Number of protein chains: 2
Amino acid sequence: MPPAKPAFSAIAPEAGGMPLYRSAKRALLQQIESGAVPPGEALPSEAVLACAFGISVGTLRHAVDELVAEHILVRRQGRGTFVATHGADRFLFQFFHVERSDGLREVPAVELLSFERGRLDDEAIASSLGLKPGAPVFQFNNRLVLQGRPVVHDHITLPAALFKGLSDKRLRERPGTIYQLYQSEFGITVVRAQERARAVPCDRGSARVLGLAPGTPVMQVQRTALTFGDRPVEARVSTIHTGVHEYVHTLQRPA
Amino acid sequence: MPPAKPAFSAIAPEAGGMPLYRSAKRALLQQIESGAVPPGEALPSEAVLACAFGISVGTLRHAVDELVAEHILVRRQGRGTFVATHGADRFLFQFFHVERSDGLREVPAVELLSFERGRLDDEAIASSLGLKPGAPVFQFNNRLVLQGRPVVHDHITLPAALFKGLSDKRLRERPGTIYQLYQSEFGITVVRAQERARAVPCDRGSARVLGLAPGTPVMQVQRTALTFGDRPVEARVSTIHTGVHEYVHTLQRPA
DNA sequence: TAGTGGTCTAGACCACCTG
DNA sequence: AGGTGGTCTAGACCACTAC
């Protein structure tokens, strides 16, 4: 069954104790998650939505405000409110934190080094994805190149159940970023991620990928990428050569 | 002159093209920065403020909403709206990102290892603080201990002009976190920070502090802490032993 | 010109906290 | 009981975009 046509029905008043704007937010999220309003598409206008939900425009705006703050919706004055897409811009500012020491940022060039379908044997990855060891997964390795230098080695694990039909060909021939592929080809929108970083001596595999001597200190970042409802969809181990480039982090949003 | 009494006067309508709620936000920020409403104190009620500014309550709330999102104000239902303070809680969740691999977080025990007043000679630190090389600064070293293990070596540089009268005694005898000291003793509120991380071989100094063999891979995090208006107030180099502990980072706020 | 989101108003009632 | 912030309404006008 293809995605159902959007259906914004009146909000059930029996929602116990929950403020109306929360109910409206949940209803909007549900329609977005279900694919009834695909990424890039415009929602009905605020007036129409408020009427459909049986609430005032101000209350609806409160709900939309929160979804905009979470980068799930994007408002464009005079045009409408749109479901967010994974453009290269968003990827760069929200999910890619490596830049040159002088602050230069660019979209990395990606090379697919290996690709295989197999069964999950790493227990840490299994638990971060909420899977049992032995679950079918795709695993592949990428080399990310910035300013002509290999800087990041990514080892990525995806639950096979969520990415049916993924192949090295589709990965190689994708037009944009990996998260754009997840979204456009598999209907999976990454909305959030958690990362844990360590400094480790570079192992032989990453040393070859990055052109380093084994044992060189590198940053190892374990990322779990999450979709709506904090459901994990990707486990990634990034090995970063921080000679010329650095891992950047701003604590609290810029005003 | 001690901090002026709070003066919330009508918003100048000649503020060119700026929305009223932005003007209100600036006016609130100005009163907070100037110390007219010290950290921990309550603002006048929304009704009073709106009346003083000559705007409606809804518009005032819009301004306050943004300051709450930036952790500059805190709302407490039934009590009032307060200027944020640097409690240990806030420090832990906003500025301290080291936790044990299993997720255990705790407030670190801090030991002051050295303290001196001198002149700035590091050019990178000078530029991050917006100072000229040779400017007078305080520099000191801390060891942070978690679960009985030395985990972080901090090297901190403060502009002497902003921290007049700082001494090793006052640092050692402070009751709470360092940022609480900045706020309560020097009127400096850290609202934001930028960090750049690298993996490096541990140098001799940090190796001694952390009880490691020199050359062990460690994370080196350079932080610039900022106050209102993005003015830099602290430069810090943290050297982190990521054997048992990790550096944690969540991309985008939890819903 | 018509439709969208952006700003703003002037109320209302509720939930919570303090006295 | 009285004051606070939290929610909600039903309008208004403006700025921007598309056609």
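Remember, predicted model here, so these are calculated numbers, not experimental data. Below, chain A is the first sequence line, B the second, and so on; all start at residue 1. Hydrogens, waters and symmetry mates play no part in the numbers below; they use all other heavy atoms, side chains included.
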With sequence neighbours excluded, tell me which residues meet side-chain contact (heavy atoms from CB on, under 4.5 Å) with B:Ser167. B:Lys169, B:Arg170

Residue set satisfying side-chain contact (heavy atoms from CB on, under 4.5 Å) with A:Val110, at least two apart, ordered chain then number -> A:Asn142, A:Leu144, A:Arg174

Smallest separation among heavy atoms of A:Glu99 and A:Val248, with atom names: CG-CG2, 3.2 Å

Using a cut-off of strictly less than 4.0 Å between a heavy atom of the residue and any atom of DNA chain D, enumerate the qualifying residues of residues 78-89 of chain A by number. A:Gly78, A:Arg79

What are the residues of residues 41-49 of chain B, sorted by number, that bring a heavy atom to within less than 4.0 Å of DNA chain C? none

Could you tell me which residues satisfy side-chain contact (heavy atoms from CB on, under 4.5 Å) with B:Gln147, sequence neighbours excluded, listed by chain and number? B:Arg100, B:Leu104, B:Glu106, B:Arg149, B:His245

Residue-level proximity of residues 53-64 of chain A to DNA chain C when a heavy atom falls under 4.0 Å: A:Arg61

Nucleotide range of DNA chain C lying under 4.0 Å from chain A heavy atoms: C:dG3 to C:dT7

If the plane angle is over 60° it's perpendicular, under 30° parallel, otherwise tilted; pick one for B:Phe91 and B:Phe96. parallel

For A:Val190 and A:Ala225 the tightest heavy-atom approach is CG1-CB, 3.8 Å

Checking A:Arg192 against A:Glu70 for the salt bridge (Lys or Arg N to Asp or Glu O under 4.0 Å) test, could you report, in this order, the C-alpha distance in whole Å, the side-chain angles of both residues, the deciding distance, and whether it holds? CA-CA 9 Å; A:Arg192 218 157 70 77; A:Glu70 295 169 31; over 6 Å; no

Contacts of type ring-ring contact (aromatic ring centres under 6.0 Å, His included), residue B:Phe93, not counting sequence neighbours: B:His71

Just to verify, what does A:Gln180 make a side-chain contact (heavy atoms from CB on, under 4.5 Å) with, not counting sequence neighbours? A:His86, A:Thr177

According to side chain to side chain donor-acceptor pair (under 3.5 Å), does anything in residues 88-97 of chain B pair up with another residue at least two apart or in another chain? List the pairs. B:Arg90-B:Gln94

What residues, two or more places apart in sequence or in another chain, satisfy ring-ring contact (aromatic ring centres under 6.0 Å, His included) together with A:Phe228? none

Only distances under 3.5 Å count here; give the side-chain donor-acceptor pairs of residues 49-59 of chain B to other protein atoms, sequence neighbours excluded, each with its distance to 0.1 Å.
unit_1: B:Ser56; atom_1: OG; unit_2: B:Thr59; atom_2: N; d: 3.4
unit_1: B:Ser56; atom_1: OG; unit_2: B:Thr59; atom_2: OG1; d: 3.2

